[in-house]
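In listed order, ligands and their atoms are each counted from 1. Predicted, not measured: the structure shown is a model, and the values here were computed from it. Nothing fancy with the numbering, it's 1 onward along the sequence.
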Amino acid sequence: MSDNPAVDTPRAVRLEALAYGGDYNPDQWSEEVWAEDMRLMREAGVNMVSLPIFSWPQLEPEPGVYDWGWLDRILDLLHENGIAIDLATATATPPSWLLRAHPEMMPMDADGHRLEFGSRQVYCPSSPVWRENVARMTRAMAERYGEHPGLAMWHISNEYGDHVSRCWCPESAAHFRRWLKDRYGDLDGLNEAWGVNVWGQRYTSWDHIEAPRKAPGPINPTQLLDFERFSSDAMLELFQLEIDVLRDVTPDIAVTTNFMSMFRDLDYWEFAEREDVVTDDAYPDPADPISHVGAALNYGLMRSLKGGRPWLLLESSASGTSWRDINVPKGPGKIRVESLQAVAHGSDAVMFFQWRQAKYGQEKFHSSMLGHRGEDSRSFQETKALGLELQRLEEVRGTRVRSRVALVVDWDSWWGSSAVESLPSQRLNWARQARAWQRALYLLGHPVDAVKATGPFDRYDVVVVPNLYIADAAQAAALTAFADAGGTVVVGPFSGVVDDTEKVHDGGAPGPFRGLLGVEVDEQWPVNDGLAEIVAYGGRAYDSPIWGEWIEALDGTEVRGSYASGELAGLPAVTSRPVGAGSAWYVSCVLDDDGLVAVLRDALTEAGLPARDRVDVHLEAVTRSSDDTDYTFVLNHGHAPISVEVPAGARDLITGGTAASPLTLERFGVAVLAMARAEHAPFITLAPERLS
Ligand code: GLA
């Protein structure tokens with residue numbers, strides 16, 4: 001998008017407490033049930049709900065004919081009961097009458113098929129009819145409820161891109177062409193950028209350009225990459241359109257749209273800049289015993305999207321979901337530890353999808369705060385206890401997480417390394433690399449913030465770049481300046497390969513990072529599925545599946561680890577190099593978890609950071625700090641007890657007493673330790689094993 005109306009001073013959410021509650025769908029229930037809802041919500045400590053997210057047809061049953069009565073009544077009732085409102089603009093899904101009057105607004109897939117009504121989110125993001133109606137509905141909602149005393153914030157649309165994030169219809173193609181004209185100016189510019197002399201792709205008219213529908217073979221990579229960028233921008237325009245209406249009618253009310261954690265299809269850096277508060281929907285898979293590790297990266301991103309400000313966990317599940325093939329429930333206590341994990345990572349809210357479990361429709365088997373069984377349901381008993389417990393943590397509201405390590409999150413490289421069909425390997429991509437590197441840092445005891453490749457890096461000691469396939473000189477300069485000033489940069493494989501039009505940098509990889517890293521890549525060397533090469537590092541041998549590189553270390557670059565098998569045997573695999581007052585590492589291969597932990601442990605230690613000697617995938621510690629107090633959350637995500645060493649004299653906000661050291665956390669146990677703010681956040685380690 002050309003202009004960027006970033007929010008410099010975010011408006012505050014109108015709620016003076018950690019938010020607790022969930023999505024609320026009162027229009028699926030009779031009004032008698034509402035009274036019981038209010039009673040039970042109060043009992044469970046609910047202080048905010050989100051509605052009416054999917055209720056456009058109930059609010060405007062016929063074009064221009066509104067039925068506000070039920071919404072007026074429930075909003076008043078909520079307010080009378082002290083429950084704040086995260087008010088949705090009701091534009092998450094169109095009514096059937098709008099679609100039937102304008103079938104051209106139905107989205108189209110890459111095969112050219114229209115997606116039918118019968119589910120939600122049936123719209124093309126570029127459709128002028130859709131946009132016009134969205135603006136109209138948003139204005140109607142804002143004009144009617146903008147002054148409602150219960151209004152805490154605006155919830156725009158819902159999970160943009162959840163079901164439809166790309167549309168290949170003629171309207172989208174026309175929009176794509178306009179977007180390309182803006183980017184490249186004229187056809188010569190586009191032809192140059194897209195490298196059209198390969199496979200005879202030259203365009204002689206703008207009208208000849210299509211959205212990249214299914215083609216006979218691999219599609220022009222720059223066309224694919226631009227379509228990813230365009231599709232994210234098309235959704236961003238839709239978001240901005242609603243923001244503009246709301247700013248016009250209710251300039252003082254905070255706006256948000258709920259994100260979907262680490263979501264490939266939308267560049268959340270761009271979305272977050274335009275809203276007042278970041279909100280996230282998090283659904284770690286209960287069937288995955290280490291899903292909390294990935295959740296930590298998602299939450300690291302959420303707090304970083306607006307420079308470390310608190311964010312809100314707007315949706316999570318009280319137990320199982322209903323959209324997985326197999327929806328495993330959460331065992332007793334798991335919802336508590338998962339919710340408090342989000343708070344540990346900077347969320348000022350714990351909210352669920354949804355308040356009352358549905359009786360019918362697509363989500364009737366999705367768990368809720370109040371299960372089908374009612375007050376006696378385990379989910380109600382557990383969420384009620386959690387709601388009350390959360391009130392003891394009120395002190396942490398507004399405080400910020402302190403991390404010393406940041407991980408570069410870059411949507412361009414994510415798209416470039418995953419949208420394109422013609423790459424050395426389809427097994428290596430940004431997200432896979434980011435997840436693996438964060439997992440190693442988690443094991444070593446460090447929560448990571450997310451950061452753009454251009455920074456700012458000043459809050460960190462170590463910046464890791466697990467992959468940056470698309471890279472430019474500005475990013476290299478920012479990372480080099482960070483190292484010059486004493487920082488440690490660790491760069492992963494297949495980085496600095498192409499520019500933003502997907503042209504290989506002169507001389508090949510690592511392109512603009514050549515000076516920083518002091519290496520040259522001769523050839524990418526992917527490893528076949530099921531195989532692994534060996535990399536020798538620090539006196540040990542580690543598996544290197546998926547990827548290697550034929551690299552040469554330049555003068556002044558130290559070889560820290562080498563390939564020890566296959567065609568690359570004897571060549572450098574891991575290097576480091578002093579840069580100014582800091583250093584830069586290059587990891588040219590994909591290492592197994594132990595190998596990555598070993599390399600990153602050395603990088604952290606040499607940067608002067610602590611790192612756990614003994615690792616435990618179930619132990620997590622994260623510190624939120626105010627100006628004078630550190631709040632260290634210590635979480636046991638597993639079933640077996642964990643004993644940890646904690647600073648002496650810390651007050652546990654949960655028990656109200658002084659925490660002992662060593663402190664033992666039982667299954668899914670959590671402690672929130674308050675103590676005077678130290679120069680660095682306390683570093684929590686496992687207690688020494690007792691000899692029996
Ligand atoms: C998403 C949606 C909700 C609901 C949940 C179920 O987060 O925003 O409306 O469908 O999924 O997990």
Does E32 come within less than 4.0 Å of R39, counting only side-chain N to carboxylate O? no
Side-chain donor-acceptor contact under 3.5 Å, S403 with D449: yes
Taking only heavy atoms of D281, which atoms of ligand 1 are found under 4.0 Å from at least one of them? 7 (O), 8 (O)
If you measure every N or O of N258 against every N or O of ligand 1, does any of those distances drop under 3.5 Å? no
Salt bridge flag under 4.0 Å for residues E237 and R131: yes
Parallel, tilted or perpendicular, as decided by the 30° and 60° cut-offs, for the rings of H292 and H637: parallel
Please say whether T321 places an N or O atom under 3.5 Å from an N or O atom belonging to ligand 1. no
Select one of side chain, backbone, both or neither to describe which atoms of D162 lie under 4.0 Å from any atom of ligand 1, heavy atoms only. neither
May I ask you to list the atoms of ligand 1 that are less than 4.0 angstrom from any heavy atom of F54? 9 (O)
Are the charged groups of K306 and E275 less than 4.0 angstrom apart, N to O? no
The answer for which part of R120 has a heavy atom under 4.0 Å from ligand 1 is side chain
Are R120 and E159 within salt-bridge range, i.e. N to O under 4.0 Å? no
Atom 11 (O) of ligand 1 sits nearest the protein heavy atom E315 OE1, 3.7 Å
Taking only non-hydrogen atoms of H366 and a 4.0 Å limit, the atoms of ligand 1 in range are 6 (C), 12 (O)
ring-ring contact (aromatic ring centres under 6.0 Å, His included) between F259 and W311: does it pass, once the steps are laid out? CA-CA 11 Å; F259 291 156; W311 56 282; over 10 Å; no
Students often mix this up, so state it plainly: with edges at 30° and 60°, are the rings of H345 and Y299 parallel, tilted or perpendicular? tilted
For atom 4 (C) of ligand 1, which of Q354, E363, M260 has the closest heavy atom? E363
Going by the atom numbers of ligand 1, which of them fall below 4.0 Å from some non-hydrogen atom of W323? 6 (C), 12 (O)
Within 4.0 Å of some non-hydrogen atom of E159, the atoms of ligand 1 are 1 (C), 2 (C), 7 (O), 8 (O)
